[in-house]
Each structure stands twice: as C-alpha cells, then as structure tokens.
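So the structure is just underneath, and the comments pick up after that.
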Amino acid sequence: MLLYIVRHGLTPWNHLHKAQGSADIPLAQEGIDLARRTGEALMDVKFDICFTSPLTRARQTARLVLGGRDIPVIPDKRIQEINFGVLEGHIMRTGNTMESNCKEFDLFFKDPLKFPRPENGENIQDVLDRTREFWLEKTSDPSLADKTILVSSHGCAVRALLQNLYKDPEHFWHGCVTPNCSINLVEVKDGKARFLEEDKVYA
C-alpha cells in the first residue's frame with residue numbers, strides 16, 4: 001500500500017492566520033494553483049482510491065491533485081481538521097512563525113497536548129483518537145493492501161495521522177505545521193509503515 005497524504009492548498013484564512021478548523025473555507029486562487037501544480041507533478045501516479053476530509057478545501061485539493069482520474073473519492077470525517085469551537089476565526093499566530101499572542105494558540109503550537117478543548121470544540125487527543133481509528137481501519141483492510149491511495153486532509157489532522165509513524169506525541173508538530181500541498185508518502189507492507197518522503201512540496 002502506498003499512501004500519498006496531502007495537506008490542502010492555501011485558503012484566504014491561511015493568509016490571515018485565522019483558525020479555520022472545521023470552518024468550511026474554500027481554496028484561494030493561489031491554493032488552487034498550488035494544488036493543480038502538485039497534481040501535475042503526480043500525474044504518473046496510478047491512484048486507485050481517495051479518502052478526503054469532507055471540508056471544501058480538502059475536497060478541492062483532492063480533485064485538483066487527481067486531475068481527471070475516474071476513481072472513488074470518499075469523504076471521511078475522521079480526517080477532518082480539528083474543531084476549534086468558539087475559537088474558530090480567531091487569529092492564531094503572527095507571520096509564519098509558531099508564535100501566538102493568544103494563550104490557547106500558544107499552547108496549540110508549543111505544547112499541543114496541553115491545548116485545552118475549546119467550548120464546542122476538540123483538543124489534540126480527540127484528533128489523535130479519530131485519525132488513529134481511520135489509520136488502523138485503512139492500513140489493515142485487505143482490499144486496500146495493494147492500492148495507491150490519496151488522503152487529502154489538513155495541517156493538524158495530517159500531523160495527528162502521522163503520529164502512527166512518529167509515535168512521539170510530545171513532539172506533535174515534528175518541527176513545523178505541515179506545509180500547504182506537501183506530500184507525506186508512506187509505504188505500508190506486511191503490517192509495517194515507513195516514510196518514503198516527508199513534507200515534500202512538489203510545486
């Protein structure tokens with residue numbers, strides 16, 4: 001099994017550093033262009049199936065990466081972005097650093113396991129739990145064992161999903177937030193998973 005795990009392209013809220021979480025924000029033109037170029041770089045990959053977050057930005061990215069391929073595209077809420085609840089739309093950080101003027105978001109970036117669950121939202125452990133359920137289900141499915149799979153998700157959800165390889169939640173971000181349209185390529189063979197590429201930006 002080969003898993004091409006992609007973070008969605010840029011959105012207007014990414015430019016504004018706003019917490020979009022479960023807010024259904026579409027791609028900006030720059031994000032559309034980036035996803036399209038990523039798809040062009042992967043045009044020779046013979047994808048068999050795609051699993052995507054139900055949110056528009058992830059579905060748009062999946063469609064653009066896949067180009068005209070006629071394969072099943074299946075939404076799955078377990079790989080949707082963290083729900084920030086009442087913090088949705090708040091400014092998360094300043095510039096492209098992992099610095100924030102907000103106490104909650106400062107924890108989110110610097111000590112994410114201590115990020116408190118916002119009202120009507122989720123914490124990191126919630127995302128780890130649901131993405132792990134997705135991971136275990138898909139990587140143990142005999143019908144997917146020889147497939148090449150596109151997984152279209154989000155910055156926090158991708159890092160949570162990849163904890164199944166990192167196995168180091170104390171360093172949840174693995175150095176940085178997953179770049180937009182970056183690919184983490186994972187091979188699963190005989191029940192063991194390994195990286196072939198990490199955070200690769202093709203465009």
Side-chain angles (χ1 to χ4, degrees), residues 3-23 25 27-28 30-31 33-35 37-38 41-42 52-53 55 57-58 61-62 65 79-84 87-116 118 121-128 130-132 134-135 150-187 193-203:
L3 293 160
Y4 286 76
I5 302 168
V6 62
R7 183 190 176 193
H8 64 79
L10 284 157
T11 73
W13 280 24
N14 286 142
H15 283 297
L16 296 171
H17 307 294
K18 293 173 72 171
Q20 54 193 339
S22 63
I25 310 301
L27 296 179
E30 184 180 352
D33 295 341
L34 187 61
R37 291 198 301 271
T38 303
L42 300 175
T52 180
S53 157
L55 296 176
R57 58 192 184 272
T61 300
V65 170
I79 54 172
Q80 185 167 308
E81 186 58 300
I82 187 170
N83 184 343
F84 286 117
L87 296 177
E88 296 274 338
H90 288 218
I91 299 298
M92 296 186 75
R93 55 199 170 99
T94 54
N96 291 317
T97 68
M98 293 176 76
E99 300 285 337
S100 176
N101 295 323
C102 170
K103 183 177 73 173
E104 289 89 348
F105 286 131
D106 201 45
L107 281 172
F108 180 73
F109 290 118
K110 293 183 177 178
D111 198 355
L113 294 181
K114 293 182 180 176
F115 173 68
E122 294 178 297
N123 63 18
I124 295 293
Q125 192 59 53
D126 295 326
V127 186
L128 286 167
R130 58 177 168 81
T131 54
R132 179 161 178 76
F134 172 88
W135 174 268
L150 179 66
V151 178
S152 185
S153 186
H154 307 263
C156 178
V158 166
R159 282 291 186 247
L161 187 64
L162 294 177
Q163 277 297 329
N164 290 284
L165 281 82
Y166 303 145
K167 301 187 188 304
D168 185 16
E170 292 298 322
H171 297 93
F172 177 85
W173 292 112
H174 208 61
C176 66
V177 178
T178 322
N180 290 101
C181 278
S182 62
I183 297 283
N184 280 273
L185 176 55
V186 178
E187 178 189 61
R194 68 184 182 104
F195 283 107
L196 300 181
E197 293 175 349
E198 292 188 62
D199 287 355
K200 182 169 182 178
V201 178
Y202 287 85

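Values in this document were obtained by computation on a predicted structure and should not be read as measured data.
Every residue was checked against the ring-ring contact (aromatic ring centres under 6.0 Å, His included) condition with Y202, not counting sequence neighbours, and none meets it. Annotation: side-chain hydrogen bond (donor to acceptor under 3.5 Å, both in side chains) contacts of H90 (sequence neighbours excluded): none. Taking Q80 as the reference, nothing meets the side-chain hydrogen bond (donor to acceptor under 3.5 Å, both in side chains) condition, with sequence neighbours excluded. Take E88 and apply the salt bridge (Lys or Arg N to Asp or Glu O under 4.0 Å) test, not counting sequence neighbours, and it matches no residue. The side-chain contact (heavy atoms from CB on, under 4.5 Å) test applied to A58 returns T52, S53, S152, H154, not counting sequence neighbours. Qualifying side-chain hydrogen bond (donor to acceptor under 3.5 Å, both in side chains) partners for R37, counting only residues two or more places apart in sequence or in other chains: none. The side-chain contact (heavy atoms from CB on, under 4.5 Å) check on L107 picks up D111, K114, P116, with sequence neighbours excluded. In this structure Q20 satisfies the side-chain hydrogen bond (donor to acceptor under 3.5 Å, both in side chains) test together with T11, sequence neighbours excluded. Take F115 and apply the ring-ring contact (aromatic ring centres under 6.0 Å, His included) test, not counting sequence neighbours, and it matches F108. Not a single ring-ring contact (aromatic ring centres under 6.0 Å, His included) links F172 to another residue, sequence neighbours left out.
Counting only residues at least two apart or in different chains, salt bridge (Lys or Arg N to Asp or Glu O under 4.0 Å) contacts with residues 3-16 are absent. Pairs passing the salt bridge (Lys or Arg N to Asp or Glu O under 4.0 Å) check and including a residue from residues 193-203, sequence neighbours excluded, read R159-D199, E187-R194, E197-K200.
Separating the NE2 atom in H171 from the CD atom in Q163 is a distance of 10.5 Å, to the nearest 0.5 Å. One finds the CG atom of N164 at 10.5 Å from the CZ atom of F134 (value rounded to the nearest 0.5 Å). The distance from atom OG of S153 to atom CG of L162, rounded to the nearest 0.5 Å, is 9.5 Å. In this structure, N180 CG and T61 OG1 are separated by 8.5 Å, a value rounded to the nearest 0.5 Å.
Two residues are said to be in side-chain contact when any heavy atoms from C-beta on lie closer than 4.5 Å; H8 and E81 fail this criterion. Inter-residue side-chain proximity for Y4 and V151 is flagged as unmet; no heavy-atom pair is nearer than 4.5 Å. For the pair L150 and L42, the minimum side-chain heavy-atom distance is 4.5 Å or more. By the 4.5 Å heavy-atom criterion applied to side chains, L113 and L128 are counted as neighbours.
Between H15 and E30, the side chains place a donor N or O and an acceptor N or O closer than 3.5 Å (distance only, hydrogens not considered).
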